[in-house]
Amino acid sequence: MRPLPVPVARVLGLLARAPAEGVRQGRRFVAFLAGDPQADRAVPPTGFTASLTLLTSGAMAFLAVFALALALATGRLAERWGEELAESATLRLPPAEGDAAATQVAAALRVLDQTPGVGEARALTADENRALLEPWLGPDLPLEALPVPQLVAVTLDGEDFDAEGLRARLAAEVPGAVLDDHTAWRAPLVVAAGRMRALGWLSLLLIAGSTGAMITLAAQAALAANAQVIRVLRLVGARDITIARAFVRRFTLRAGWGAAAGTLAGMLAILLLPSADESSGGFLTGLGFQGAGWLAPLVIPVLAAGTAFAATRAAALRTLRTQS
Amino acid sequence: MIELDGVGYGYGGRTLFSDLSMALAPGSFHFLTGPSGAGKTTLLKLCYAELTATEGRVTLWGRDAAAMDRDAVALARRRIGVVHQDCQFLDHLPVSENILLPLTVAGRQDEGGQNLRELLAWVGLTAQAGRLPPELSGGERQRAALARAVITSPDVILADEPTGNIDWEMSQRLLTLLIELNRMGKAVLIATHDLNLIRAAKAHVAARVLRLRDGRLLQAGADL
C-alpha cells in the first residue's frame, strides 16, 4: 500500500485530533466563563461601563430580533411567491360569443390537457370573471354586454412544462389565445423580497458592528479608568493576557446577559404582534417566527457575547500594548 | 540573578547616573544610600524593568532586560519582591487580598493561606487583614507592602525606604524578616536613608553598602 501524500496525512491527522481539540477548547471556554473570582476582583467594578454594556447589548439584541424576524419572514415570502407563481399560469382567450366561445374554450382545454407539465386547467366562470373585474368596474357588471376575454386558470405540476412549445401550439389551434406564465411580474417580486431579506441580514451585521464598537469604547473607558490598577498588577508580575482576561470576561458576561434580556423582550414583542395570514398579502403584520424559527433568536445572546469577547479582547490587548 | 553593567539613565537631557555596575547574586545583601534625588528609586526600577537603561545593560537571570518582551518581564517580576516607597496597593481590595496579589496573578492563590496568616502575624497586621489600604496608617501600609513583597518567597527582594514610616521596633522586626530571607539564599537590596538600620543589619549579615552620589555608585566607607 502506497503511503499517503504528506499534506493528506497532515489533514487526516488534524481531523483525528479534532474531537480532542474541540473538547480542550470547550473546557477552556467553560473555564473562561467560570473565571477566577479572586483574580477578577483585582479589577474594580466599573459602574457606568457596566450599565452601558448591559443597556447597549440589550437594546441591540432587541433590534436584532426584529431584523432577524424581517429576514426570515421575507425569506419565506420570497420562497412562497416564487413557488406559487411558478406553479400557475393563465390563458387568455379572445372575446367570442355563443358556440364560438364554447368551441374556443374546448379547444384550449384539449390542448392544455395534452401538454406535459400541466396538472389542471379550468375555465373561469362568469361569476369568477365578474368578481375579478368588480374592483375596477363595480358590482352588477353586465358581463355579457362587454367584450371580456375568457380566462383559463392553469395549474402546473411538472418541471417539463414548455411555455414556448405551448404558445406555438395554441397559435396554431386556438388563434388569439395568450399564455401568461407570470414570468414578467414574478421576477421583480421575487427580487424585491430577496432584497428585503438581504436588508434584514445587513441590519443584523450593522447591529453586530455597532454593538462591537460600543463595547470597544466601553472597554477602553474601563481600561483607561483602571490605569493605576493595571500598573499595580504589572508590578506584581501580571501578564497582559491575565489583565485582559479579567476585563474580557466581565464584558463578555455583561453583553451576554444584556443581550439575553433584550432578546427575550424582542421575542415577546414579536409574539404580541397582531397575527395575519401572510398569503393574503399582510406580510408586515405577519412578521415573526414560525416553528423551529423561534429558536433562531436564541443565537443572538451567544453572538453578542462572542462579539463582546472579540471586541474587548482586541481593545484590551491593544490598550495594554500602548500603556507602559 | 540581576546584573547591571555600565548602566546609565537620563531623561530630558539630564543624566541621572552613568557607568554603574553591580550584581545581585543569590544570598547577597546590599544597602543603597545617597542623597534625595540621586537616583536610588530609579536604580531599583531598572532592576525590576519598570524603566529601561539609556546606556549599558541590565540583565535579569541572564536575559537582557531591554530585549525582553512584556510576558518575559512579567515572569521575571514574579521572582522579584518589591516594596515600593508609595506601597502601590489596589485600594478596592482588603489588605489580605493585596498581600496575596502576586500569588493571584501567578495563578498560585492556593498556596497563600498558611503563608498569609504567618506573614500577617509577623508584620502585626492580623487585625487589619480585612481593612482597605486607605484605612491603614503609613506604617501599616509599609508593613503590608513588605508582606506582599515576600509572599511568593521571591529570589530577589528590593525595598525602597521600607522603614520610612515605621517605628524602630517594627523596623527591627522587618529587618529580622529580611535577614532570615537572605539566609535562605534570597538577594536583598534596600534603598534607605536610615543609617541606624544599616548598622543594625551589619551586626547580623555581611551587607555591602553602596552610595549613589553625583551620578556614580561608590562603595561606602567602613564607618557604616
Side-chain angles (χ1 to χ4, degrees), chain A residues 24 27-51 221-251 254 313-324, chain B residues 44-45 47-52 60 68-94 96-113 116 132-133 144-145 147-152 154-156 158 160:
Chain A
R24 196 171 67 85
R27 282 186 183 149
R28 283 184 64 187
F29 184 66
V30 170
F32 166 77
L33 286 181
D36 176 353
Q38 200 169 348
D40 285 355
R41 275 171 52 78
V43 177
T46 42
F48 91 94
T49 55
S51 310
L223 286 157
N226 286 294
Q228 177 59 16
V229 170
I230 291 169
R231 179 167 185 267
V232 172
L233 291 172
R234 279 185 167 147
L235 288 175
V236 297
R239 296 165 64 205
D240 280 2
I241 191 67
T242 308
I243 300 169
R245 201 176 287 139
F247 285 94
V248 171
R249 182 175 173 277
R250 189 167 291 184
F251 277 88
R254 281 177 194 160
R313 192 172 192 276
L317 291 177
R318 189 172 56 246
T319 305
L320 291 171
R321 265 198 305 274
T322 56
Q323 283 181 355
S324 59
Chain B
L44 260 59
K45 286 183 175 178
C47 288
Y48 60 87
E50 189 178 6
L51 292 176
T52 304
L60 305 179
M68 290 165 78
D69 63 22
R70 304 169 81 87
D71 275 357
V73 168
L75 295 177
R77 283 180 183 167
R78 293 179 187 178
R79 304 178 71 175
I80 306 171
V82 184
V83 182
H84 302 273
Q85 204 168 7
D86 50 359
C87 296
Q88 300 283 356
F89 288 122
L90 296 183
D91 288 345
H92 65 285
L93 292 184
S96 58
E97 287 188 47
N98 264 291
I99 292 173
L100 285 171
L101 205 54
L103 288 174
T104 303
V105 300
R108 294 165 50 196
Q109 49 271 65
D110 296 344
E111 303 171 22
L116 178 66
L132 296 175
R148 185 181 65 184
V150 301
I151 186 84
T152 56
D155 296 327
V156 177
L158 307 175
D160 194 359

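Just so it is clear: chains get the letters A, B, ... in the order the sequence lines come, proteins before strands, and each one is counted from 1. Both backbone and side-chain heavy atoms feed into the values below; hydrogens, waters and symmetry mates do not.
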Is there a side-chain contact (heavy atoms from CB on, under 4.5 Å) between A:Leu233 and B:Leu90? Walk through the geometry before answering. CA-CA 9 Å; A:Leu233 291 172; B:Leu90 296 183; 4.1 Å; yes
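- A:Arg239 places no side-chain N or O within donor-acceptor distance of the main-chain N or O of B:Ala74, the cut-off being under 3.5 Å.
- Both the backbone and the side chain of B:Gln88 come within less than 4.5 Å of a heavy atom in chain A.
- Here the closest heavy-atom approach between residue B:Tyr48 and residue A:Leu235 is recorded as CE1-CD2, 3.6 Å.
- Only the side chain of B:Arg148 has a heavy atom closer than 4.5 Å to any heavy atom of chain A.
- The number of heavy-atom neighbours closer than 6.0 Å to CZ of A:Arg313, taken from other residues, nucleotides and ligands shown, is 12 or below.
- The two residues A:Leu320 and B:Arg70 have their closest heavy-atom pair at O-NH2, 2.7 Å.
- Nearest heavy-atom pair, A:Gly237 versus B:Val105, reported as atom, atom and distance to 0.1 Å: C-CG2, 3.9 Å.
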